[in-house]
Amino acid sequence: MAEKISGLWGKAAAVGLCFTATLTGQAAQAQSSFYQGECNRAYSVQDANRIDRLFNKRSYRGVSMHRYDQQVSAACKSDLVMILYLTQSTSTTESVTYKVHQKTVDVGTQPDNCSTLNINNNSITGTVTFSSELIREGDFCTINIWSDWKLSDPVTPSWVGDYSAKLQILNEGAFAVLHPPASGGKFSTPRGFTGFD
Amino acid sequence: MANRRSARAALALAALGSAQAAQAENAIYQGECNRAYQVQASSTIDKLVMHKKYRAVSLHRFGLDREKECDTDTVTHWTMTETSRSSSQVTFDVIMLDTLIADKPAPCERVKVWNDELYGNVTFTTKLEEKNAICEVFVQADWDMFDAGDPEWSSKFTNRVLMLNAGSMVVAASGPTANEYNSPIAITGVK
């Protein structure tokens with residue numbers, strides 16, 4: 001679950017910063033484990049919920065909304081909406097990997113000098129790999145589901161998005177990627193995904 | 001415009017409401033009932049839904065022909081502002097706005113904000129349900145929505161809310177069909 005955020009620059013930097021915060025927010029995420037409890041049961045739970053069974057959809061679409069404390073964002077009260085398209089590339093009992101394409105939309109809510117709407121079909125692409133981990137502490141076991149994202153932007157070669165984030169599995173193939181807490185006018189919603197065959 | 005918008009919104013909200021049956025696992029607590037009553041007493045809703053303002057986003061496709069032609073997604077932006085708070089319930093004013101994002105060139109519009117909006121309120125409470133001596137405590141959201149452009153339209157629906165880290169929440173949606181989908185509603189507190 002290594003963290004690497006580099007090339008902080010522009011909008012891509014904001015994405016990187018967001019997920020740096022995601023990592024620091026993990027202490028608060030203990031309640032978002034897939035399972036917590038007795039260890040014999042944990043092994044059964046992990047076996048019955050292998051990662052390739054949890055992520056068995058051919059593709060997913062997800063969305064999140066962000067506000068960063070950049071001047072334009074504060075003045076225009078603009079929200080940054082990220083739409084992510086995932087397409088499965090490999091699947092094993094240990095991990096499932098999807099290709100990622102990201103689209104970004106700035107939505108300003110103020111008139112005049114603010115851009116009310118700006119879509120950036122930008123070039124951020126990469127992969128995300130889903131896996132589960134079982135942590136044992138004495139007789140108490142925890143199962144977490146993780147996503148490891150590796151993104152790049154050919155338009156901004158110095159930027160790399162390389163981060164890990166915990167997931168909450170929801171009903172019917174949906175899931176949410178957790179996010180950092182809000183602070184000082186900044187916020188990031190969780191990232192909600194729905195799956196397709 | 002308003003009627004089309006309302007029809008779309010009604011579809012989305014109905015889908016969100018129908019997701020209930022699949023959400024049994026989305027509880028704060030499941031287990032022994034005496035403990036469940038303690039959990040409910042200590043986890044009051046004003047502690048769980050702690051922020052005065054929340055922002056949220058969700059992604060939808062409603063099964064319209066034009067969506068298929070243009071590969072259009074609808075992004076719904078939700079703004080919730082607190083109007084009342086007690087240990088038993090917390091209520092927010094709600095405004096929903098849509099952005100349409102198409103993936104195809106003209107005549108498809110690449111991106112467009114709908115100028116009409118849905119508004120209403122949502123009330124969060126904690127609930128305790130007992131089934132076969134197993135109790136679960138969960139957070140429930142009761143929504144009551146109206147359309148500014150269509151006074152005849154309204155929608156009331158209820159769903160479970162899954163609490164995440166740092167005061168954020170998510171409302172699970174129904175599973176996708178061939179031409180429709182609704183992402184979870186991802187909600188975060190704003191300071």
Side-chain angles (χ1 to χ4, degrees), chain A residues 21-22 25-32 34 37 57 60-67 79 81-85 103 105-109 116-121 166 168-197, chain B residues 19-26 28 31 51 53-61 71 73-79 97-103 109-113 160 162-178 180-191:
Chain A
T22 299
Q26 282 172 15
Q29 296 178 23
Q31 76 276 26
S32 297
F34 189 74
K57 303 290 185 183
Y60 290 87
R61 287 193 181 191
V63 65
S64 59
M65 184 163 62
H66 309 265
R67 185 172 291 177
D79 294 322
V81 173
M82 295 179 189
I83 304 172
L84 291 103
Y85 305 83
K103 191 181 292 184
V105 186
D106 287 303
V107 184
T109 58
T116 54
L117 210 51
N118 178 42
I119 190 167
N120 178 14
N121 282 313
K166 208 170 172 182
Q168 181 75 51
I169 301 293
L170 302 175
N171 60 311
E172 300 195 55
F175 63 90
V177 178
L178 304 189
H179 74 112
S183 64
K186 295 185 287 186
F187 66 81
S188 292
T189 69
R191 188 168 278 175
F193 284 87
T194 188
F196 313 86
D197 286 318
Chain B
Q20 286 305 297
Q23 294 181 31
E25 72 274 28
N26 294 340
I28 298 171
H51 295 288
K53 188 169 187 176
Y54 286 86
R55 297 295 308 276
V57 66
S58 53
L59 190 70
H60 306 273
R61 185 171 288 185
D71 198 6
D73 290 317
T74 297
V75 176
T76 300
H77 309 241
W78 308 65
T79 302
L97 284 169
D98 281 352
T99 308
L100 306 188
I101 298 164
D103 226 16
E109 293 169 284
R110 289 180 67 222
V111 59
K112 177 185 179 183
V113 176
R160 281 195 188 193
L162 184 60
M163 307 308 293
L164 301 178
N165 62 312
S168 63
M169 306 178 275
V170 64
V171 176
S174 59
T177 61
E180 302 174 24
Y181 56 78
N182 299 285
S183 79
I185 305 172
I187 306 169
T188 191
V190 179
K191 290 182 179 174

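Here is how names work: the chains are called A, B, and so on, in the same order as the sequence lines, proteins then strands, and each is numbered from 1.
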CD1 of B/Ile101 to CD1 of A/Ile83: how many Å apart, nearest 0.5 Å?
3.5 Å

Closest non-hydrogen atom pair, B/Val57 against A/Met65
CG1-N, 3.7 Å

Can you say whether A/Phe175 sits under 4.5 Å from chain B via the side chain, the backbone, both, or neither, judging by heavy atoms?
backbone

Gap separating the CD atom of A/Gln168 from the CG atom of B/Leu162, nearest 0.5 angstrom
4.5 Å

Within this structure, what is the NE2-CG distance for the pair B/His77 and A/Asp79, rounded to the nearest 0.5 Å?
7.0 Å

Give me the atom names and distance for the closest heavy-atom approach of B/Pro184 to A/Phe193.
CD-O, 3.4 Å

Is the shortest heavy-atom distance from the side chain of B/Thr99 to the side chain of A/Val81 under 4.5 Å?
no

Taking all non-hydrogen atoms of both residues into account, name the closest pair between A/Pro190 and B/Ala186 and its distance.
O-CB, 3.0 Å

Could you pull out the closest heavy-atom pair between A/Val63 and B/Ser183, with the gap in Å?
CG1-OG, 3.9 Å

Chain A contact via B/Ile187 - side chain, backbone, both or neither, heavy atoms under 4.5 Å:
backbone

Hey, what do you get for NE2 (B/His60) to OG1 (A/Thr194), rounding to the nearest 0.5 Å?
10.5 Å

When you compare the side chain of B/Trp78 with that of A/Thr189, does any pair of heavy atoms fall below 4.5 Å?
no

Distance in Å, A/Arg61 CZ paired with B/Arg61 CZ, rounded so as to fall on 0.5 Å steps:
5.0 Å

Rounding to 0.5 Å, atoms NE2 (A/His66) and OG1 (B/Thr188) come to a distance of 10.0 Å

